[in-house]
Structures are given as C-alpha cells and as structure tokens.
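Data first, discussion second: the structure below is written as structure tokens.
Within every chain, numbering begins at 1; the chains are lettered A, B, ... in the order of the sequence lines, protein sequences first and strands thereafter.
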2 protein chains.
Amino acid sequence: MKKIKVKKGTILQRKGDINTKVYYVEKGLLRSYTIDEKGKEHIYMFGPESWLVTDNCDSKDPCQLFIDAIENTTINVASKKEVLKQDPDLNPILRRLNKMQNRIVMLMSSSAKERYEHFIKTYPNITQRVPLKMIASYLGITPEALSRVRNELSKKK
Amino acid sequence: MKKIKVKKGTILQRKGDINTKVYYVEKGLLRSYTIDEKGKEHIYMFGPESWLVTDNCDSKDPCQLFIDAIENTTINVASKKEVLKQDPDLNPILRRLNKMQNRIVMLMSSSAKERYEHFIKTYPNITQRVPLKMIASYLGITPEALSRVRNELSKKK
DNA sequence: ATCATTTCTTGATGTAAATCAAGGCATAGG
DNA sequence: CCTATGCCTTGATTTACATCAAGAAATGAT
C-alpha cells in the first residue's frame, strides 16, 4: 500500500492490463470506463474522495476497464491480494462483482440483439427453462422486442 | 443454515421485508426482481443450481427485491451474518454491491430523466466537478439528450 | 488579449424499441 | 373432450433517444 499523487489526465490502468491494483482515493477524482467498438466511452464509475476504484476481475486476468484521473488526485495503491487477505470465501463475492460489472457495461452500451446474444452465451441452459418474457424482463426489453430479435437471428443462420 | 424445499411459485421475499436471508440454490431455479410504479417486473437475476440469491442490502434495512421460485427448488437458507462472519472489512464491498444493484435496476427500468435525477441525488457534489458529457456517459445517454433533460428540469421549477 | 480547443446548446432528422392490438398455439383444469 | 388462461408472434403506430450539424459560450495556451 503506497501513496502516490497523479496529475489530471494520468492513465492509471488500460484495458487488457493484468495484475491490476485497487485505488483508494484520498483527494481528487478518478474515473473508470470502457471504450466500445465504435470508440465511444462509457463511464463505469466515478471515484471521489474515500472511494475505492478497481476493476472487479481476478488479478491474473486481463482487465476490462480504463482508469484515469479527472483531477489532480492523491491515491493509495494496493494489490488485490492485500485487500482481500487471501480469503477464499470471498471468491464468490468477487465473481459476483465481476458479473455485475459486466452487466452494467452491457446495459449502458449494447443493443437488444447484443444483450440477447450475450445472455444465451452466459446462460445457455436457462434459456430452455424460463419463458421468453422473463428473459426479456432480465434484458430490460419487452417480450415483443425479444421475439423479433430472435426471429432475426434465426433467419441469419 | 437450514435446507428447505419450495414449490414453483413460492414467494420467499417481498420488497420491504427486513432481515432478509441469503439463499443458496441446490436444485431448481429462483429469480429476484423489482416491480416498478407501472406494475412492470424487472428481473434482477436468475438463480439456478449453485447460485447465491440475495438482496444486497443491510440486514436491518427494508429490501428492494422480490424473490420467488420459478421451479420447484431446494435451497439452503442462511442469515447474512452467518455468511459475512461479522467481518467489518467487508462492509465497503457490501455497500458497493448495493450500489451496483441499484444501478442495474435503474438502467433496466428508468428513463433518461429519472436516471439523471437519481444521479444528482446520489452524487450532488460530483455534478459540479465533471463535464456534462461525462455524466451523460455514466448515465448511458448522449450529451445532447442530457442537455435537453436538464433544460426541461430547470423549466419545471 | 488572441486564438484554439473543448464544452454546451439547439434544431432537424432518423431509428430502435415501446406500446397497442389482434390472432394463433399451447398447456392446464374442469 | 372442450374451454380458459397464459404465452408467443406479427403488424401498425408512437415515442424516446440517437445522430448529424451548426453555432455560442467557456476554458486554456501562447
């Protein structure tokens, strides 16, 4: 855990980095965000004073988020291991954080079709077990819209 | 931690309940969801085999989610205290889970205006510190749309 | 102060998805 | 078996928001 000061505009983490850190903001403002295929930024969170900013991924996996400083900022940097104290019981919670992060990014940036495609990849087995209208409700779209998306996808093949 | 079996359709938790539990799904399928002002359901998550389903709120606060069984389901019920082992270091993580849960529900069910209103309530101080286009990016809308929303809100007052 | 860059606003137009509505299939219950 | 209820699809219309475009205001650099 070491304290550093960074100037406005400094990039602390890029998408794809591994062994990413946890940043505790003492003063200033960080932001984490993704950049989609069209080059558009989607801010995942702001990190003002006293906030913890990090990518909720395993420290050995490539991360998904960029993190940079919106203001001159004083932060404490820690490794994920330090923060988590090697407690294996925390892993389910981390996996969940990671899933939630993905979902937020998805909801902010994807079309109905993309969301559905992602859903069937992530939960292939559930698709058969629940009515279509519940999947629509999970995706944040109407049953009609999902029906049309499906229709279109089946034609394509 | 006790094991119970519930039939398809059983409601395990209603919005507003306090001291809500953690459900570990052994077999079957649960779902958690909200119901908005218009009576529309928004599924927050599905809980198939081996998943943990819970409302990420403090056990003394009224919860936001309904939880029910989509299939006949065998679950292990635990209190939140049991699961968290009274570890105070986990509180920041829980607060974060709660924030993420709120954000997901918000992204699924709210209009641009509602999201913005929620944002200024949640981060009143940040509004002054970041350019409008970043707030738009956080809300998942365009800067133009946010500009118009703001315009409208200022007229109303 | 001047010029350049970025930010915000406003208008016109386009589009994805919502809403409204109706018909066809199932499945379940009598 | 028949009927009722819920589920899915399809079409017509509406709407919220995106996109495109241009100008005004603010911010920063020299």
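Between A:Arg148 atom CZ and D:dC8 atom C1' there is a gap of 11 Å when expressed in whole angstrom units. Distance B:Arg150 CZ to D:dA25 P: 17 Å, rounded to the nearest Å. When rounded to the nearest whole Å, the span between CG of B:Asn151 and P of D:dC17 equals 15 Å. Distance CD1 (B:Ile141) to C1' (D:dA16): 11 Å, rounded to an integer number of Å. Separating the CD atom of A:Glu152 from the P atom of D:dT10 is a distance of 12 Å, rounded to the nearest angstrom. Here the P atom of nucleotide D:dA26 and the CG atom of B:Leu132 are 14 Å apart, to the nearest Å.
Across all their heavy atoms, A:Arg115 and A:Met106 have their closest contact at CA-SD, 3.7 Å.
For the pair B:Ser111 and A:Met134, nearest-nucleotide mapping onto DNA chain D gives the more 5' position to A:Met134. When the nearest nucleotides of DNA chain D are assigned to A:Lys133 and A:Lys38 by heavy-atom distance, the more 5′-ward of the two goes with A:Lys133.
Taking the 5' to 3' direction, DNA chain C first and last meets chain B under 4.0 angstrom from a heavy atom at C:dT7 to C:dT19.
A cation-pi geometry, defined here as NZ or CZ lying under 6.0 Å from the six-membered ring centre and within 45° of its normal, holds between B:Arg103 and B:Tyr138.
With respect to A:Asp58 and A:Lys60, a salt bridge is recorded, a charged nitrogen being found less than 4.0 Å from a carboxylate O. Between B:Glu117 and B:Arg150 there is no salt bridge, since none of the side-chain N atoms of the basic residue sits less than 4.0 Å from a carboxylate O of the acidic one.
As judged by a 4.0 angstrom heavy-atom cut-off over every strand, A:Lys40 is placed among residues touching the sugar-phosphate backbone only.
Between the side chains of A:Gln64 and A:Asn102, at least one donor-acceptor pair of N or O atoms lies under 3.5 Å. In this model, a donor atom of one side chain and an acceptor atom of the other lie less than 3.5 Å apart for B:Thr20 and B:Lys80.
Comparing D:dC17, D:dT19, D:dC7 against the side chain of B:Ala112 picks out D:dC17 as the nearest.
Side-chain N/O atoms of A:Glu144 and base N/O atoms of D:dC8 include no donor-acceptor pair closer than 3.5 Å.
A distance of 6.0 Å or more separates the ring centres of B:Tyr44 and B:Tyr33.
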